[in-house]
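Everything on this sheet refers to the single structure shown next.
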Amino acid sequence: CSSDLGTITPTGAIAFNGNSLYFHLRNSGTVPTATWSTTSTCTIGAGFTGTAPTGLGQAFGNFTMDVAQTLTLGGNLSVGNDLTINSGTVAANTRTINLVRHLIGAGTLTFTTNPGTLNIGGNNTHTGTFTPGTGRVNYNGAAQQVRSTTYYNLTISGSNNKTLQGNITVANQAAFTAGAMVLNGYILNLNGTTSLAAGTITGSATSSISIASSNAAGMTLPNITGG
């Protein structure tokens, strides 16, 4: 377990192995350059007041935002396990978050404009405010839970089933490249355009697709099955 309340000056390589923890409990500063195991965790916590530290352009294991402040990303964020936003805001803006597993927590995640992107390989059980801006969310893992929210651009890729956890709205483009979107009894609202390379949609007796688009005449949907 390590915490940064001052300055860490390493004399050699740093490795956060196993379930090791690093707590960044100050404003600004630097997250030390290290090798992060998949089960290690970097936490931004009490003491951080809004000026992002340097050193966030690493490949983290788990990454946790745990203070009621705004962390504005100055570059892309790579997380090999889970991204947890317990409180405060992660302002990704135009950056890319590459997330291998799950998005968790009741804090806020915001994007502003393209090319802001969330690539998520696990379940999206995030319950906090999500602001998509004009960015994209790409579900690129295997079997995944798809959060009920409004997306601007949404991509369904990877393999297996992407199962809705509630009604969703796609304001701009829905891109289907692989896998199956399982409506799970909910409503898929398509308000823009579609892009189709592969993939399917699986419905049920209580699910539906609602199209409210000025480009509906040119919209192409994947093969739809009744489930």
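Atom set for the values below is all heavy atoms of this structure, side chains included, hydrogens, waters and symmetry mates excluded.
- Heavy-atom contacts from other residues, nucleotides or ligands closer than 6.0 Å to CG of Asn160 number more than 12.
- Between the side chain of Lys162 and the main chain of Ala142, a donor-acceptor pair closer than 3.5 Å is present.
- The side-chain contact (heavy atoms from CB on, under 4.5 Å) check on Ala34 picks up Ile14, Phe16, Trp36, Gln58, with sequence neighbours excluded.
- Using modelled atom types, one finds a donor on one side chain and an acceptor on the other under 3.5 Å when comparing Thr54 with Thr30.
- For the residue pair Arg101/Asn81, the side-chain donor-acceptor check at 3.5 Å is satisfied.
- Side-chain atoms of Asn138 and Thr155 form no donor-acceptor pair, as typed in the model, at a separation below 3.5 Å.
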>> For a side-chain hydrogen bond (donor to acceptor under 3.5 Å, both in side chains) check, start with the C-alpha distance between Tyr139 and Asn124, then their side-chain angles and the critical distance, and finish with the verdict.
In response: CA-CA 9 Å; Tyr139 287 89; Asn124 187 346; 3.1 Å; yes

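- There is no side-chain donor-acceptor pair under 3.5 Å between Asn114 and Tyr152.
- Asn27 contributes a side-chain N or O that, together with a main-chain N or O of Thr51, makes up a donor-acceptor pair within less than 3.5 Å.
- Pairing each heavy atom of Thr110 with each of Ala91, the nearest pair is OG1-CA, 3.3 Å.
- Nearest approach of Leu164 to Leu183, heavy atoms of both residues: CB-O, 3.7 Å.
- The two atoms that bring Val137 and Phe130 nearest to each other are CG2-CZ, 3.6 Å, heavy atoms only.
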